[in-house]
Amino acid sequence: MRIRLDRTVCDGFGVCAKHAPGYFSLDDWGYASLIGDGTVAEADRDAVMRALLDCPVHAITEIGQHRFPAPQPPLTDEDDPAERLKTEENEAEWGFTR
């Protein structure tokens, strides 16, 4: 995992340094600085993700490769999506509860 800190967005809340002090430091005015090159060790991933998610101004972003689901093959004329529709008539098949 790699992260990036946009110091122009930072408002100095300091939440990141509280959650991941090994990756963020605060200057004299309380604004965050990134320690290192943004590479996060697997053992520290949870703390850094908490800092990323708790940043009120979203100054921290994750960078790198994103995994997207494999594309689905296009529907043919024989595939009718309505056949797989969840309705009251087939609620037992889908496990609906009321």
Side-chain angles (χ1 to χ4, degrees):
M1 170 180 182
R2 288 186 46 101
I3 57 168
R4 180 180 157 281
L5 172 68
D6 187 349
R7 289 184 46 113
T8 62
V9 176
C10 180
D11 276 345
F13 287 95
V15 176
C16 55
K18 180 180 108 179
H19 289 306
Y23 293 89
F24 302 97
S25 64
L26 302 179
D27 64 13
D28 293 338
W29 297 279
Y31 293 99
S33 294
L34 188 61
I35 299 172
D37 66 353
T39 302
V40 178
E42 190 62 35
D44 300 327
R45 188 179 193 292
D46 290 342
V48 172
M49 280 303 291
R50 176 53 47 205
L52 184 149
L53 294 171
D54 284 355
C55 179
V57 294
H58 307 290
I60 308 164
T61 54
E62 182 179 4
I63 58 175
Q65 296 178 349
H66 293 279
R67 296 183 185 120
F68 296 103
Q72 298 295 320
L75 293 176
T76 63
D77 290 337
E78 291 123 21
D79 292 333
D80 183 10
E83 290 179 11
R84 296 184 301 273
L85 191 63
K86 297 178 182 180
T87 62
E88 288 185 15
E89 287 79 31
N90 64 6
E91 66 183 14
E93 176 184 342
W94 293 99
F96 285 173
T97 58
R98 295 180 203 238

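Only this structure's heavy atoms are used, side chains among them; waters, hydrogens and symmetry mates stay out. In what follows, residues are counted from 1 in the order of the sequence shown.
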Work out which heavy atom in Val48 is nearest to a heavy atom in Ala20; give both atom names and the distance. CG2-CB, 4.0 Å
Just verifying a value: how many Å separate Arg45 CZ and Ile3 CD1, rounded to the nearest 0.5 Å? 11.5 Å
Quick check on the hydrophobic clustering: are Phe24 and Met1 connected, directly or via other members, by side-chain heavy-atom contacts under 4.5 Å? yes
Quick one: which residue pairs count as a side chain to side chain donor-acceptor pair (under 3.5 Å) with a foot in residues 25-34, not counting sequence neighbours? Arg7-Ser33
Closest heavy-atom pair, Pro21 versus Ile35, reported as atoms and distance to 0.1 Å, is O-CD1, 3.6 Å
For Ala41, the side-chain contact (heavy atoms from CB on, under 4.5 Å) test, sequence neighbours excluded, returns Tyr23, Asp44
So, for Arg4 and Ile63, which heavy atoms are closest and what is the spacing to 0.1 Å? CB-CG2, 4.0 Å
So which atom in Ile60 and which in Ala51 form the shortest heavy-atom distance, rounded to 0.1 Å? CD1-O, 3.7 Å
Could you report the tightest heavy-atom contact between Thr39 and Arg2, atom names first, then the distance? OG1-NH1, 3.1 Å
Tell me every residue that passes side-chain hydrogen bond (donor to acceptor under 3.5 Å, both in side chains) with Thr8, counting only those two or more places apart in sequence or in another chain. Asp6
Kindly list each side-chain donor-acceptor pair under 3.5 angstrom involving residues 11-19, sequence neighbours excluded, with atom names and distances?
from	atom 1	to	atom 2	distance (Å)
His19	NE2	Asp54	OD2	2.9

